[in-house]
Number of protein chains: 2
Amino acid sequence: MTQEQRRPTLVDVAHAAGVSRALVSIVMRGAPGASESTRQRVLEAAGELGYRPDARARLLRSNRTRLLGLTFSTSQPFHSEIVDAVYAQASAKGYDVALSAVGRGRAEERAVESLLDAGSEALILIASTLNENDLGRYAHQVPVVSLLRNDVGDHVDSVSCDDAAGIRLAIEHLTSLGHRRIIHVDGGTAVSADQRRAAFRAEMIGHGLEPLTLSGGPSEEDGLAAGQRLLALNPSAVIAFNDRTALGVMESLRSAGRNVPTDVSVVGYDDSQFARLSYIQLTSISQDAQLLAAAAVNRAVDRIENRQPLGHDVSTPHLVRRATTAAAPVSRA
Amino acid sequence: MTQEQRRPTLVDVAHAAGVSRALVSIVMRGAPGASESTRQRVLEAAGELGYRPDARARLLRSNRTRLLGLTFSTSQPFHSEIVDAVYAQASAKGYDVALSAVGRGRAEERAVESLLDAGSEALILIASTLNENDLGRYAHQVPVVSLLRNDVGDHVDSVSCDDAAGIRLAIEHLTSLGHRRIIHVDGGTAVSADQRRAAFRAEMIGHGLEPLTLSGGPSEEDGLAAGQRLLALNPSAVIAFNDRTALGVMESLRSAGRNVPTDVSVVGYDDSQFARLSYIQLTSISQDAQLLAAAAVNRAVDRIENRQPLGHDVSTPHLVRRATTAAAPVSRA
DNA sequence: TTCAATTGCTAGATCGTTCTAGATTGCTCC
DNA sequence: GGAGCAATCTAGAACGATCTAGCAATTGAA
């Protein structure tokens, strides 16, 4: 049972193929310097022995791991989508991904250090809450790319989606439907919440509308709580901090007997899997996980390989119209 | 900008403290064989230089990484809860966790191999879909613990929750409320779906009731689709494969004008964060992520350290009664 | 024919640790 | 005062890969 047998090494393969260690090494990493015939012979021997290069020895010597470190939060479904997309893009670029979760009882510092220990050549941090000092310290060791947050100082790359543009899209969509009394249920202290709140205020004022804001947060419960304070403000539309917040707001509206979208329109943010559920059909601002992930991986890899200079990508979100927004009710428009 | 300076090594610390490499090594891993005074001196020097042992070199030599490999699915929120709990328990046992996600476009084999490359000393696979052959092959290299699935053959440990007991609890809860026409919306081809379906059938028959089953799946959409076929069967209660399925079923009921729980009671499975949302309050079978995670980590660590024999833990689920179950309507009871 | 360049391969050093075996010191005990 | 022993420390060989330098054989050009 579970006969722990030593895994084969370069030496074993070399012996089996009748060549030197160095040649096997050359063949295994596809480097030039071996004839086609021996290359075949070596690969065959390796295959037969089930040889797989030892990552730690390899990187100890070469200082290359082809590993991208990625942190994410277990409680944000949108992060999960990014994780999937990062895997795909990294794999396309020939990199592997080391994952580390940030959650209750596991601080981001801890997550990051475990990624560094694993030998990550760059870090991609999703919605990091580290301060500039800490970021700078890590950036001192490897390239760091901040994803979904762009106020990160001068030592860290960032890839984010234009929050102001997203809020603007939402407001334009709603005003074009005749809404004028629009409320923003904000993200409280969450990453990006400040930007979206500020953008909402500026844009509403630009439209000559009152920038009504309720403090919320990134979860359903936050939306639910805000929803209970919502009706007193008599809104015809709500822009929520994210999809989860929107779900909470909608539930609150529903339990108060208001219909979405005939009484109140709701716009979410993230276009996460929730928004797409057939019975929710939430109109939402899409940040396109695929695109963001690809940009982050590309930045990380560019920094690692080409010594590309540090920079900040800002992509433009778009609005996905579904079933939770409609023309403003005549009485309130 | 990002002055990539070489990270300090044992040699640097040894030099700074005026001792040999070996002694620094002894101090760093807390091994006996150094006097208290030099221990202090070395630690001080290490601290000043910001020295952190190089994990790869360490494990290359020692064949110890103190790393547990963990796979999970990005799309199952219950897995996220387990991930959090595994981190906590592993940390308590002095181990770190290497995470690898299984998702669209990332096969479980790929995830597992990346964990092995990272040097995992054991693997914990959440709801693995690997066949016994593959499992055996991996178990040949390191201890493997299957979590949430127990039909895994003789070479793999397992930690699972008694599916039959869970279904029994749900049925007993419902029958005690007077329900007799209970439908199981199953998990289709998902892990554990077979066990739960079989348990449902056996237990219902044991109660002298008809074991009505609809084919479903592990997501909201599956529950929604099943929900549409549900009403024709005129049930007074539904036991869903998991919480996400239950959400879909409830939505379907709601859109058909049925009230939960006055018209139809619904029981979920997993007691995930959804079930606990204040506006959902789903009665659910709890598998206790904390407990499962702790058991899995303990098994893995026991196998690694004490060469404990392989075994299978089966924990007992419990029912968390919330707001989606009530007495059967008189007309249909 | 001879010399240089190219191709195909290998020996040995090296990465940063841990481990084994042995050296050095200081102490106790007879 | 020397044997015996524990405590403290160190030198040097691992671990499994990559990398550098160089050796042999072949090719091409003069």
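Note on naming: letters A, B, ... go to the chains in the order of the sequence lines (proteins, then strands), and numbering restarts at 1 for each one.
Qualifying salt bridge (Lys or Arg N to Asp or Glu O under 4.0 Å) partners for R52(B), counting only residues two or more places apart in sequence or in other chains: E113(A), D117(A). D12(A) is linked by a side-chain contact (heavy atoms from CB on, under 4.5 Å) to R6(A), P8(A), T9(A), L49(A), counting only residues two or more places apart in sequence or in another chain. For T74(A), the side chain to side chain donor-acceptor pair (under 3.5 Å) criterion is met by D84(B), not counting sequence neighbours. Annotation: side-chain contact (heavy atoms from CB on, under 4.5 Å) contacts of V27(A) (sequence neighbours excluded): A34(A), R39(A), V42(A), L43(A). Scanning for salt bridge (Lys or Arg N to Asp or Glu O under 4.0 Å) contacts around R56(B) gives D54(B), with sequence neighbours left out. For S114(A), the side-chain contact (heavy atoms from CB on, under 4.5 Å) partners are S100(A), R106(A), D96(B), not counting sequence neighbours.
Sequence order on DNA chain D of the closest nucleotides to L60(B) and A22(B) puts A22(B) first from the 5' end.
In terms of modelled atom types and a separation under 3.5 Å, the side chain of R149(A) and the main chain of D151(A) share a donor-acceptor contact. With hydrogens and angles ignored, the 3.5 Å screen pairs a side-chain donor or acceptor of T38(B) with a backbone N or O of S35(B). Checked by atom type and distance alone, the side chain of R29(B) pairs as donor or acceptor with a backbone atom of S25(B) at under 3.5 Å. Between the side chain of S158(B) and the backbone N or O of H312(B) there is no donor-acceptor pair closer than 3.5 Å.
Inter-axis angle, ends of the helix from dT1(C)-dA30(D) to dC30(C)-dG1(D), five pairs per end, rounded to 10 degrees: 50°.
In the 5' to 3' direction, nucleotides of DNA chain C lying under 4.0 Å from heavy atoms of chain B begin and end at dG16(C) to dC19(C). The footprint of chain A on DNA chain D, defined by a heavy-atom cutoff below 4.0 Å, extends from dG16(D) to dC19(D).
Between V86(B) and F72(B) the shortest side-chain heavy-atom distance does not fall below 4.5 Å.
Atom OH of residue Y138(B) and atom CG of residue L123(B) lie 9.0 Å apart, to the nearest 0.5 angstrom. The structure places CZ of R299(A) at 13.0 Å from CD1 of I304(A), a figure rounded to the nearest 0.5 Å. How far CZ of R104(A) is from OG of S73(A): 10.5 Å, rounded to the nearest 0.5 Å.
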For D134(B) and R137(B), run salt bridge (charged side-chain N to carboxylate O under 4.0 Å, His left out): C-alpha distance rounded to whole Å, both residues' side-chain angles, the deciding distance at 0.1 Å, then the answer.
-> CA-CA 5 Å; D134(B) 286 335; R137(B) 196 155 41 81; 2.7 Å; yes
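Contacts of residues 23-35 of chain A with DNA chain D (heavy atom under 4.0 Å): S25(A), R29(A). For the segment residues 12-19 of chain B, no residue has any heavy atom less than 4.0 angstrom from an atom of DNA chain C. Near-neighbour residues of DNA chain C inside residues 48-57 of chain A, defined by a heavy atom below 4.0 Å, are absent.
A donor-acceptor contact closer than 3.5 angstrom is absent between the side chains of E44(A) and Q40(A). Of the N and O atoms on the side chains of S272(B) and E81(B), not one donor lies less than 3.5 Å from an acceptor on the other residue.
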